[in-house]
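The block underneath contains the structure these notes are about, expressed in structure tokens.
None of the values given here were measured: they were computed from a predicted structure.
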Amino acid sequence: MLNSIRARLLISGVLFTIVAVVLAALTIRPSLDQFVRRNVDASLESQISVLARAVKSDGTLDQDRIQSVGPFIRRGAGWAWVVRGPAGVLRSQTVASVEPRQGEGPPPWPRPERDRDRDRMPQREMRPDKPPTAPLKESRRWRSRSGWNESFYFRTLTISTSRGPVTVTAGAPRYIRDRMRDEGLRPLLLSLGVLGVGLLAAMIGQLELGLRPLRKLGASLAAVRGGEQRRIDDKQPRELEPVVAELNALLDHNEQALAKARSHVSNLAHGLKTPLATLAVRLAEPGRDPDGSLASLIAQIDGAIGHHLGRARAASPGAPGRPALPVRSRLDDLVAALSRIHAAAGVRAELDVADDLYVACDPQDFDEMTGNLLDNAWKFAERTVRVTGRREGARVVLDIDDDGPGLTDEAAAAALVPGSRLDERGAGHGFGLPIALELAELHDGALTLGRAPIGGLRVTLALPARSAEA
């Protein structure tokens, strides 16, 4: 899986996204907790400021100036305040006490289970925070601090008076802070989850969009190999332009080298045919070849030259410009010609080949391959030669069957050896099947021998398929 560029990018992107979302979640929680705490402190300080204005210089309280703000006026909300001084204690009417551990019985307001569990724990002393660096502006005599116990989070302000200190305390239930934090945290975590999923979806889309040129490049290479186009399209993303330029240069170089090699082989073969023809004429003179052995050797050499000429004619597999050859029409012409040539044999030909089958093959090479195979089938058939065609994946497969004696496995292997003749009767030099095999392989095809369902030899020829539009 790691051999795939797409898989590597996808796995790394998923890991980075998960790490980023987790780090963001871990960072948001303490930040949100501090934000909630500042909001609660602001509410408490607002109530303390109102109460502090009711404290006179002699430590007594001005009842007319005592007010409650915000949640401190809702009974049962859990918010409370208390003022302690030389003149006594004054409490809010919302709850019985800011410090529940001093009272007995259940608290007068509902709380979550986690806060009820905390009441069963050993009581802890108040843990005051550091005093604020900037006390409330109404008086320099004020000192403010924060603390909490099992039920309350509160802030306390101490005011110095002539009769002694006056302590103003405003508290909020601790579960309020937790609830406010959780209510803010849940949508943030949900947003982070949605953001992570969105990032993953965007990354997958980016991978699909970014790797699409590579898939198109692969399809272009397959089209070049299949002979459907000569070069790769130069219109590519900037990053792929150097690769495409090198591939096109390689295709041009290979095509030129192949053309030169084919030309040299063709010239050599044609150069040998003329002296061979002259030598054959000389050997035909009376007395020069009494037993005909030299003429047989000349014929074998001539067959070998024809074989290599066929190789020189055949272009590379899927070479550019290779036409889409209609199989049925070519076979119809060959069968008609062979039926006239072998009319005396009384062999009947049966064709089961669809009209929409096309192969990537030079017409002359196709005629030479199928012509040799059909001619052999006609020679050995007793009554029937049957040709069937079908499409198998990227190939067109032709089965040429006859109802003759057929071949054993050993004889079938020997029949594909150049110059080997299994039947010494009649003309020929044993190069028909080997040449057909060589041409099929040069066209990226194959040729095999087997047993026909009608009793004789089955020759199976497979060639690259091509669409009719090509």
Side-chain angles (χ1 to χ4, degrees), residues 36-112 115-116 118-119 121 123-180:
V36 171
R37 179 174 177 176
R38 285 195 296 269
N39 285 341
V40 174
D41 284 347
S43 299
L44 297 179
E45 288 178 356
S46 179
Q47 178 65 42
I48 290 176
S49 298
V50 172
L51 296 173
R53 293 188 182 95
V55 180
K56 298 179 180 181
S57 59
D58 60 355
T60 60
L61 300 178
D62 186 352
Q63 296 285 344
D64 296 334
R65 301 187 65 179
I66 294 179
Q67 299 177 9
S68 294
V69 297
F72 296 91
I73 62 176
R74 297 195 299 269
R75 186 172 182 84
W79 297 70
W81 55 263
V82 61
V83 180
R84 299 174 184 274
V89 178
L90 183 63
R91 302 179 186 275
S92 64
Q93 300 299 314
T94 54
V95 295
S97 173
V98 179
E99 299 177 347
R101 67 171 180 265
Q102 296 177 354
E104 296 181 357
W109 62 88
R111 290 175 299 156
D115 287 330
R116 296 171 187 163
R118 289 172 186 167
D119 288 342
M121 299 172 62
Q123 300 292 330
R124 298 192 300 265
E125 294 297 327
M126 182 183 70
R127 295 177 293 176
D129 291 344
K130 293 181 179 180
T133 55
L136 298 176
K137 296 180 179 179
E138 281 76 0
S139 173
R140 293 184 181 180
R141 299 173 298 163
W142 298 356
R143 289 188 299 109
S144 181
R145 63 180 182 177
S146 298
W148 60 91
N149 55 29
E150 278 68 21
S151 300
F152 276 102
Y153 171 80
F154 50 84
R155 289 182 68 81
T156 300
L157 176 68
T158 302
I159 304 175
S160 299
T161 65
S162 58
R163 295 179 59 187
V166 176
T167 302
V168 180
T169 302
R174 291 190 61 181
Y175 75 87
I176 291 291
R177 283 188 54 193
D178 297 338
R179 186 173 64 188
M180 293 174 63

side-chain contact (heavy atoms from CB on, under 4.5 Å) against Pro165, all qualifying residues, sequence neighbours excluded | Thr158

Backbone N/O of Glu45 and side chain of Ser49: donor-acceptor pair under 3.5 Å = yes

Give a yes or no answer on whether the side chain of Gln47 reaches the backbone of Gln67 with a donor-acceptor pair at less than 3.5 Å.
-> yes

From Val83, Leu90, Val50, Val82, residue fulfilling side-chain contact (heavy atoms from CB on, under 4.5 Å) relative to Val168 | Val83

Search all heavy atoms of Ala87 against all heavy atoms of Gly59 and return the closest pair with its distance.
-> CB-O, 4.1 Å

Only counting residues at least two apart or in another chain, list the ones meeting side-chain contact (heavy atoms from CB on, under 4.5 Å) with Ser43.
-> Trp79

Identify the heavy atoms of Met180 and Val36 that sit nearest to each other, and give their distance.
-> CB-CG1, 3.8 Å

Compare every heavy atom of Ile159 with every heavy atom of Ala52, then report the nearest pair and how far apart it is.
-> CB-CD1, 3.9 Å

Nearest heavy-atom approach of Ile48 to Ala170 is CG1-CB, 3.7 Å

Is any side-chain heavy atom of Thr60 less than 4.5 Å from a side-chain heavy atom of Arg163?
-> yes

Using a 4.5 Å cut-off on heavy atoms from C-beta on, say whether the side chain of Asp62 contacts that of Lys56.
-> yes

How close do Val166 and Gly85 get, heavy atom to heavy atom, and via which atoms?
-> CG2-CA, 4.1 Å

Is there side-chain contact between Phe72 and Leu51, with at least one heavy-atom pair below 4.5 Å?
-> no

